[in-house]
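Note sheet for the following structure.
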Amino acid sequence: MKKSPQEFIGSFSFDNRLAPYDILGSVAHAAMLSKQKIIPAKDAKRIIKGLNSILNDLEKGWHLPEDEDIHFALERELIRRVGDSGKRLHTGRSRNDQVATDIFLYLRDHIQMVVQEITRVQKAILTVAQKNQDVIMPGFTHLQHAQPILFSHHILAYAWMLERDKGRMRNAFDRADSLPLGSAALAGTSFRIDRKMVARFLNFSRVSENSIDATASRDVVAEFLAACAILMANLSRMAEELVIWSSVEFSFVYLSEEFTSGSSIMPQKRNPDVAEIIRGETGRAYGALISLLTVLKGIPLAYNRDLQEDKPPLFDAVDTVMGCLSVMAPMIESMEVDPIRMRVACESGFLEATELADFLAEKGVPFRAGHGVVRQMVLYCQERGIKLKDLSLGQLKKFHPKFDEDALLILTPERVVNAKKSYG
Ligand code: ARG
């Protein structure tokens, strides 16, 4: 789209979603200016009343007249509503510390929302795990049958991955918990402002220590985007697994109808679109991180207008992550697990082989030697199209004299699973 230079510089089209945070920051700033007697109390009162009336109207769906960016748009509207008092609001402040504050307010709010949504997915995982507590499935490595495991063990692995995602989110929250306002353009201000009062008002636990850093840094946004990218990697793996598991070949799970869609040509199809789109949207979240890191890498101190390019990736990542989490939770919760298909799958792939090697090791055979013995047994069975449990005690003993009746007993997936004693 063609643009005039003025349109090109503008950011209102995307940063207007900061409006409630910008207003909140301005209310705190005006209250502080008044308490410090930097502006007359009656002007501060009018400013705060005006800002609240704008916020009210915005909440009702009213549209703020467009300006270069959200900060100018709100200031102009404030002056239109309250007159000359509004012209005092920007005392001792710059758009640079203002926008940095808006971003941190926005971040803290949205990190909390993301953490809540992650918890919903964890709860959904816990629900299916509990519903299917005793279901046994083949565990995979390299997508090859490895050892029998509990389905609940497998699915709960994702809950733990998500727990670390929450930790990364909380780290980003903590880093964003430092108030930039009061740093002005870069150098601070000669007005006797009270930054700690503003911090208390806005619920920040500390104020920034270096005004140049506070106005020119966006690494906290990058940190949040990195946390989003990793979260999406985890969600994408889970989504991929659901795609595989819901295929005809696996049929381990059935996704509830609303999370699938039909084909325009093939009448029989139920495609796992929701899981696929989660997997696909992961690309967006990665892109957001890379785009911000690339914006940041060449910027000298302090504020440069390039920093305005922090917002599109930030907002896009938040939308992406919130969207994916909000469909993931009900998709998991409503999916049906097929214990029979999972159990049948345990019959192939020699899942008990490791347990047999462990058996020999417990009888004093060095593990590496036992591993070789069982490898031979598997080859023997493969050639004859039989399973390990089809071998008689006599045949077992031919492979190794230390095999006894107990060895026959462990040759079911249930026994193998129950034999596991290690923590975790
Ligand atoms: N829209 C700008 C941004 O998002 C606001 C800060 C403008 N500051 C300036 N010195 N031009 O970064």
Side-chain angles (χ1 to χ4, degrees), residues 1 3-30 51 54 58 63-79 86-87 89-110 175-176 178-191 193 198 202 208 210-225 288-289 291-319:
M1 205 219 302
K3 285 181 176 174
S4 69
Q6 211 39 47
E7 287 167 338
F8 185 74
I9 289 170
S11 54
F12 185 85
S13 63
F14 53 87
D15 67 14
N16 70 70
R17 64 158 108 179
L18 291 175
Y21 305 101
D22 200 75
I23 291 173
L24 188 61
S26 290
V27 168
H29 184 66
L51 287 168
I54 297 174
L58 286 172
H63 289 286
L64 187 64
E66 178 157 357
D67 209 309
E68 181 185 310
D69 60 21
I70 184 61
H71 322 294
F72 275 157
L74 282 169
E75 189 176 354
R76 186 190 300 273
E77 178 63 17
L78 176 69
I79 293 166
K87 295 183 181 166
L89 171 61
H90 212 55
T91 314
R93 178 177 87 166
S94 151
R95 275 189 296 163
N96 297 350
D97 58 343
Q98 188 181 353
V99 70
T101 303
D102 290 4
I103 292 170
F104 277 6
L105 287 169
Y106 173 90
L107 258 184
R108 295 191 320 168
D109 235 21
H110 287 78
R175 225 92 61 195
S178 159
L179 174 75
L181 204 63
S183 301
L186 79 163
T189 172
S190 34
F191 288 103
I193 59 172
V198 178
L202 296 176
S208 60
N210 180 311
S211 61
I212 295 173
D213 170 42
T215 48
S217 299
R218 295 292 182 272
D219 56 279
V220 177
V221 181
E223 181 175 7
F224 169 71
L225 293 182
L289 171 62
S291 89
L292 181 64
L293 290 175
T294 311
V295 168
L296 292 181
K297 73 180 274 287
I299 303 184
L301 293 175
Y303 179 87
N304 293 258
R305 196 61 180 258
D306 323 36
L307 290 176
Q308 176 167 294
E309 286 298 312
D310 60 350
K311 283 164 221 72
L314 169 59
F315 297 151
D316 194 45
V318 167
D319 291 345

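FYI, side chains are in, hydrogens and waters are out, and symmetry mates aren't considered; it's all heavy atoms of this structure. All of these numbers come straight from a predicted model, not from anything done at the bench. We count ligands from 1, going down the list as the structure has it; atoms in each ligand are counted the same way.
At a threshold of 4.5 Å between non-hydrogen side-chain atoms, the residues Leu225 and Leu293 do not count as touching. For the pair Ile23 and Leu58, the minimum side-chain heavy-atom distance is below 4.5 Å.
Annotation: atom 12 (O) of ligand 1 to nearest protein heavy atom, Tyr303 OH, 2.4 Å. Scanning the protein heavy atoms around atom 8 (N) of ligand 1, the nearest turns out to be Asn96 OD1, 2.9 Å. Counting only heavy atoms of the protein, atom 4 (O) of ligand 1 lies nearest to Lys311 NZ, 2.6 Å.
Counting heavy atoms closer than 4.0 Å to ligand 1, residue His71 contributes side-chain atoms (C-beta onward) but none from N, CA, C or O. Looking at Asp310 against ligand 1, nothing comes within 4.0 Å, counting heavy atoms.
Between Ala302 and Ala216, the shortest heavy-atom distance links the atoms C-CB, 3.4 Å.
Proximity of Glu68 to ligand 1 is not established, as no heavy-atom distance is less than 4.0 Å.
Within ligand 1, counting atoms from 1 as listed, the ones closer than 4.0 Å to a heavy atom of Asp69 are 1 (N), 2 (C), 5 (C). Close contacts of ligand 1 with Ser11, meaning ligand atoms under 4.0 Å from a residue heavy atom, involve 1 (N).
Note that Arg17 lies outside the cation-pi zone of Tyr106, set by a 6.0 Å cut-off to the ring centre and a 45° limit from the axis.
Crowding of Arg108 atom CZ: a count of heavy atoms from other residues, nucleotides or ligands under 6.0 Å exceeding 12.
Checked by distance only, ligand 1 and Gln308 come closer than 3.5 Å through their nitrogen or oxygen atoms.
Atom OH of Tyr21 and atom CG of Asp15 lie 14.0 Å apart (nearest 0.5 Å).
Of the charged side-chain nitrogens involved, none lies within less than 4.0 Å of a carboxylate oxygen, so that Arg95 and Glu75 do not count as a salt-bridged pair.
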